[in-house]
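As the structure lists them, so they are numbered: ligands from 1, and atoms in each ligand from 1. Note that these values count all heavy atoms, side chains included, but never hydrogens, waters or copies made by symmetry. In this chain, numbering begins with 1 at the start of the sequence shown.
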Amino acid sequence: MRQLTCVSAGKLEWRDVPAPRIAADGEALVRPLAVARCDIDRLLIAGTFPIQVPFALGHECVGVVTELGDSVRGLAVGDRVVVSFQVSCGACGRCRAGLTALCERMPVLSDYGMQPLSGVEYGGMLSNVVRVPFAAAMLRPISPALDPAALASVSDNVPDGYRAVARHLAARPGSEVLIVSHGTPSIPLYAAQAALALGAARVHFASSDRESLALAEKLGAIPIETDFGARPATYPIVVDAGVTPAGLGYAIRAAEPEGVYQSVSFYPGPPIPLPLGRMYTLGIRCFVGRCHAAALLPEVVALIESGRLRPEAVTTRIVDWDEAPAAWPEPAIKLVVRRSH
Ligand SMILES: [Zn+2]
Ligand SMILES: [Zn+2]
């Protein structure tokens with residue numbers, strides 16, 4: 001089968017690889033219908049992390065179940081599903097506690113399409129068939145009435161934005177929220193949208209990128225254009241989504257005393273100093289960590305099905321499947337690749 005493959009830094013092509021097969025009772029095969037580009041993908045192919053080529057690309061998709069192992073319950077061939085980008089069993093202690101990014105049965109960073117980070121090739125979703133090792137835990141059926149392209153990013157970036165604000169707004173209902181966007185284009189916009197859907201009083205959106213600011217305003221947030229050098233106002237909940245030390249510093253300065261600083265950022269490169277003296281003195285609550293995709297899928301899909309979350313409003317470019325090798329490295333806040341046949 002054809003699989004989109006990074007063959008050298010910045011260079012992508014379709015490669016022929018053996019189609020995966022079901023290897024155990026609890027597995028499924030899924031044919032991707034629409035694949036979204038995660039905010040990390042352009043960094044992966046640019047060589048920001050040490051890369052070992054070739055590696056497969058794509059870890060956010062809506063697909064259709066084409067084959068199921070004998071022991072899978074609650075799913076049927078033909079179901080439309082969102083696929084968790086993280087491989088997780090659903091049955092170990094951590095998975096049962098909702099910590100599916102850290103499944104005890106899998107090596108850390110067991111994700112589709114991210115071999116440069118994990119060192120393990122799980123295959124990419126820009127392919128004809130994806131093998132899902134724990135179907136019941138990793139697949140979430142969606143209504144066939146929903147557009148696959150609209151929900152493709154629900155595998156990863158949509159729940160990442162959602163979880164950045166959901167638990168903090170549950171603890172502090174109706175709070176004001178600041179989203180600081182500095183280099184991961186779509187996650188902060190999903191966070192802004194989720195904060196508004198979950199009842200934030202107001203959502204401010206700080207960025208140096210005019211396109212992101214305009215889109216944030218369209219979603220209902222209040223844009224703040226900044227190079228992150230200025231002194232920000234303070235907020236009870238601040239989300240740091242990006243890749244720059246300047247953005248991180250701005251986000252920490254914007255957390256009010258006893259306020260929440262939530263990082264959804266992965267900082268590659270050398271360690272970055274944190275102002276722990278200030279954070280200690282003011283009691284800034286610091287939350288860092290990956291999203292637990294499989295555990296979050298039911299509540300995020302429910303919010304979308306209720307019409308309160310509209311991930312398609314963040315999509316800025318949709319291309320046909322065959323255009324993926326050319327379109328994938330190009331800038332766009334949110335790129336979605338879909339099959340037309
Ligand atoms: Zn991702
Ligand atoms: Zn597990």
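- Take the Zn ion (ligand 2) as the corner point: the lines to SG of C103 and to SG of C95 open at 110°, to the nearest 10 degrees.
- Distance alone, capped at 3.5 Å, is enough to place a donor-acceptor pair between the T5 side chain and the Q3 backbone.
- By the 30° and 60° cut-offs, the orientation of the rings of F49 relative to F266 is tilted.
- Taking the six-membered ring where the residue is Trp, W321 and W14 present parallel rings, their angle staying beneath 30° rather than reaching 60°.
- Identified under the side-chain hydrogen bond (donor to acceptor under 3.5 Å, both in side chains) test for residues 39-57, with sequence neighbours left out: D39-S186.
- In terms of distance to the Zn ion (ligand 1), the nearest N, O or S atom of D156 is named OD2.
- Rounding to 10°, one obtains 110° for the angle at the Zn ion (ligand 2) between SG (C89) and SG (C92).
- In H59, the N, O or S atom that comes nearest to the Zn ion (ligand 1) is NE2.
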